[in-house]
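The block underneath contains the structure these notes are about, expressed in structure tokens.
Quick note on labels: first sequence line is chain A, next is B, and so on, each numbered from 1.
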Protein chains: 2
Amino acid sequence: MLTQETTKHPTLGRTRDPEGTRALLVENAFREIHAHGYAGSSLDRILANSGVTKGALYHHFKSKADLLHAVIDDAIRPMVMERWLRPLEESDDPIRALADSTRTFMGSCTPEELRCGCPLNNLAQELSGADEDFRKHLNRVADDWRAGIRAAFERGQRTGSVREDVDPAAVASLVFATFQGLSGSVKTSVDRKAVMAGLEVFLDLLEGLRP
Amino acid sequence: MLTQETTKHPTLGRTRDPEGTRALLVENAFREIHAHGYAGSSLDRILANSGVTKGALYHHFKSKADLLHAVIDDAIRPMVMERWLRPLEESDDPIRALADSTRTFMGSCTPEELRCGCPLNNLAQELSGADEDFRKHLNRVADDWRAGIRAAFERGQRTGSVREDVDPAAVASLVFATFQGLSGSVKTSVDRKAVMAGLEVFLDLLEGLRP
DNA sequence: GCGTTAACATACCGGCCAGTATGTATGAAG
DNA sequence: CTTCATACATACTGGCCGGTATGTTAACGC
């Protein structure tokens, strides 16, 4: 079973803090959903871990689906932007930036995180086939992710670190998909070494996109 | 909502056909789980679509989990072997074989299938973090898949279609992950063209592995 | 102080779910 | 013709689930 980490409300029940309560619920919902998936997640567990009750939840969110939408906007999207897009924006060499950020990420994050996989990918895979609203919302985040990679490669072309004849959009699509796939392999396979070797091959192949 | 295809028992209630009943349940369970995920699947719906009752189900399977294990063995594994490994085994040029089978696959399968994604990947992503037995079972299939790709590249090295200095295991890990990721993108993105472009870039990059 | 509203807490509901207990019919063995 | 295990069907259960109806309390305007 999973280690049930909990983020209790710092000022439990004393003062009123609607924004804090809402953020607390989103954070615990993110963890619950990340660990169990959307269908497998339980509002009761989220509430128990948060130390608030259903009244609070349904005061801030109108449904479980609404809560998930908030998780996507307030937890998943910022995480994607911070962890994956900012390093790309700060560099003029997208190939190198991708290599750096993936290697540091693979090395830095906990086995627990690795086992749970990419939150965006998990939800996209679980819900895209079943619910069109979720699919659209999650795909918006994925699109922004891809757009960030694409922009980085376009800048790379301008600064001379990427060949002129490559299609940045297509490369972005591939890079995104490959990273999702590799993160999924890590989750499934336990054999991190083999996946890392696959990643290195990919990074090597990307080197072929230089002038 | 999904189109609820049903496979009724041909000899409904007349003659006894334990193997047929079992196969029927596995087939409908596969469809249900493929469409809704494991947590989101319902035994009652599977039974309704199969035209049998709970007595039959729990005669052949001891639990929902047991049914999923049967689905993995009797539906998912054969599909992987038939669709993805056999074309590789029949060719001496793995790069060309991969290009051919992916292109024909992307072109041949229905929008419905595309939207539901890869059954193996779906389950692996959903369950690997939650249930160790499922993770192991699904990873066994994935390992065989990877092993098939690896064997094809080793044969390619022997027959001269692949460079000697590439690591077949690492390439297999990458190819598998990338295909899973691309199939996941198709599922999420609706924009098939963009994903296909990403696939073409990948196949182009693989050409770089030739002597 | 006094109403009013936002921010919760408590208690409860119907529904679906996996699972079970029990009944029944089939078909082969003897 | 009887025996008996297999192969189901029927009916039911307890539990968890998302959701709701209602109560309560804190802060704030006046």
Can you sort out the partners of Tyr38(A) under ring pair (Phe, Tyr, Trp, His ring centres under 6.0 Å), two or more places apart, ordered by chain and number?
->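 Listed in chain order: Phe134(A).
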What residues form a ring pair (Phe, Tyr, Trp, His ring centres under 6.0 Å) with Tyr58(A), not counting sequence neighbours?
->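 Partners of Tyr58(A) under the ring pair (Phe, Tyr, Trp, His ring centres under 6.0 Å) test: none.
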Round to a whole Å and report the spacing from [atom1] of [X] to [atom2] of [N].
X	N	atom1	atom2	answer
Leu47(B)	dC16(C)	CG	P	15 Å
Leu24(B)	dA7(D)	CG	C1'	14 Å
Arg22(A)	dA6(C)	CZ	C1'	15 Å
Lys54(B)	dT24(C)	NZ	P	21 Å
Ile46(A)	dC16(D)	CD1	P	16 Å
His36(A)	dC17(D)	NE2	P	10 Å

Distance check: side-chain N/O of Ser42(B) vs OP1/OP2 of dC16(C), anything under 4.0 Å?
->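 For dC16(C), neither OP1 nor OP2 has a side-chain N or O of Ser42(B) closer than 4.0 Å.
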What are the residues of residues 56-71 of chain A, sorted by number, that bring a heavy atom to within less than 4.0 Å of DNA chain D?
->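 Hits under 4.0 Å, by residue number: Tyr58(A), Ser63(A), Lys64(A).
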Atom [atom1] of residue position [X] - does it have more than 12 heavy atoms of other residues, nucleotides or ligands inside 6.0 Å?
X	atom1	result
Glu19(B)	CD	no
Arg96(A)	CZ	no
Arg77(A)	CZ	yes

Counting heavy atoms from C-beta on, name the nucleotide in dC8(C), dA18(C), dC8(D) closest to the side chain of Leu43(B).
->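 Of the candidates, dA18(C) comes closest.
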Give the intermediate values and the outcome of side chain to side chain contact (heavy atoms under 4.5 Å, CB included) for residues Val80(B) and Val141(B).
-> CA-CA 8 Å; Val80(B) 167; Val141(B) 181; 4.3 Å; yes
